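Remarks on the structure that follows.
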Amino acid sequence: MLPEGSTIGILGGGQLGWMLSLAAKELGYHCHIFAPEENPPAMQAAAHHTRAGFDNIDKLKTFAKSVDVITYEFENIPVEPLCAIKDICAIHPSLKSLEICQHRLKEKNFVKDLKKLTTPFAEARIINHLPPIFNIELPAFVKTLRMGYDGKGQFVLREREDRKKVPEKLGKGPWIAEVAVDFFQEFAVVVARDKNGNTRCFDAIATYHEGGILRKAKIPSGLHPEFETYAQQTAAEIAEELKHVGVLTVEFFLLRNINGAEDNDGTNASKRVLVNEIAPRVHNSGHLTREICDTDQFKQHIQAICGWSLGDTTRTKNAKMVNLLGDEVKKWEKPPDDPNINVTIYGKGEARPGRKMGHVVWTQPISR
Ligand code: AMP
């Protein structure tokens, strides 16, 4: 177990890094942020900042020598430069988790090899300067292999002719195309795995996206327990297969039932619960665990990477969360006089349209 007063190095300095730093502080650790921005939000709670690009090996080496463990708060970090520091300081979760989860094709094949379902997919690239061919049923989501988040790096292909627009919209490829599935519900499972291989899941969280960005999250998910249990087992298997240490989030689609039968009936979980995406980290959908769980996702991650045993994820309340995008944050500048509403503002400054500026959580007692 990392002794009190040790320093956790965090790659990335956004709101996830900030909330990880707050949790680390409560557990007696300091944080050192490695991020290219001048004044990253995470610095509101962290002790040190190295301002450098993720490909700056000299700066990465100095950083690695100055901290006791390294973690990351987002997955779009090049793996190669990190290989140069992995023998200087332990990195949790491992580079295997990072490498698979930052590349949509590797991620899909990984899930397939685990014998779990994902959305049907196909790879496409430009050959001989011709428009790419997508061997897949339409409509389909075409996505860049890397750097996809908050709906970025995606384009919906509605008819064959649209394929000509793909290079202009998404760069030169290659890309992955996925069948646009008709889901009943999107949801996420946040799981943690410790250094001894124990795993613990939070309850499933129902998620609602707009334009590819998470807008709302709700717990309990309202899903039939068969679906929830199957998804939790899948998330734990994924964490185990990756030998992941720390928190990991799996986003799922629950497909509609066949022949118009009741969608939420708990049947055929293994055929209807599809893995959409894996994030090797704490996740926006799990923010509400801060208000309602004994150990929230941020503390759980810090505990796991610092060699503690995992905390209790029991939920003491119901909750829903709404993200504050761009200007919406202005409506919440004055905290509401209601103990059941908790506003978190990330201190990012400029409220650009669509930028995640904060979130609000409403809590409610669990009715028995
Ligand atoms: P992603 O970043 O790939 O998770 O995509 C963001 C959001 O776009 C998802 O949460 C879904 O709401 C939607 N989406 C992405 N891929 C698909 C798909 N294959 N079928 C239906 N909706 C999708």
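Basis for what follows: all heavy atoms, side chains included, without hydrogens, waters or symmetry-related copies. Fair warning: this is a prediction, and the values are worked out from it, not measured in the lab. Counting starts at 1 for both ligands and their atoms, in listed order. Note that the numbering runs from 1 along the sequence shown for the chain.
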Output for ligand 1, non-hydrogen cut-off under 4.0 Å, lists R104, T119, F141, K143, Q154, E178, V179, A180, V181, F183, E186, H209, G212, F253, N276, E277
How about Q364: does its CD atom have over 12 heavy atoms from other parts shown lying under 6.0 Å from it?
-> no
Output all residues satisfying side chain to side chain donor-acceptor pair (under 3.5 Å) with D68, sequence neighbours left out; order by chain, then residue number.
-> none
With a 3.5 Å cut-off and no angle check, do the side chains of E240 and T199 form a donor-acceptor pair?
-> no
Would you check, one step at a time, whether the test salt bridge (charged side-chain N to carboxylate O under 4.0 Å, His left out) holds for D296 with K299?
-> CA-CA 6 Å; D296 65 43; K299 269 194 180 163; 5.8 Å; no
Throw together a table of side-chain donor-acceptor distances under 3.5 angstrom for residues 37-46, partners on residues two or more places apart or in other chains.
residue: Q44; atom: NE2; partner: P41; partner atom: O; Å: 2.9
residue: Q44; atom: NE2; partner: Y346; partner atom: O; Å: 2.9

Just distance, no hydrogens or angles: give the donor-acceptor pairs under 3.5 Å from side chains in residues 123-142, sequence neighbours left out.
residue: E123; atom: OE2; partner: R125; partner atom: NH2; Å: 2.9

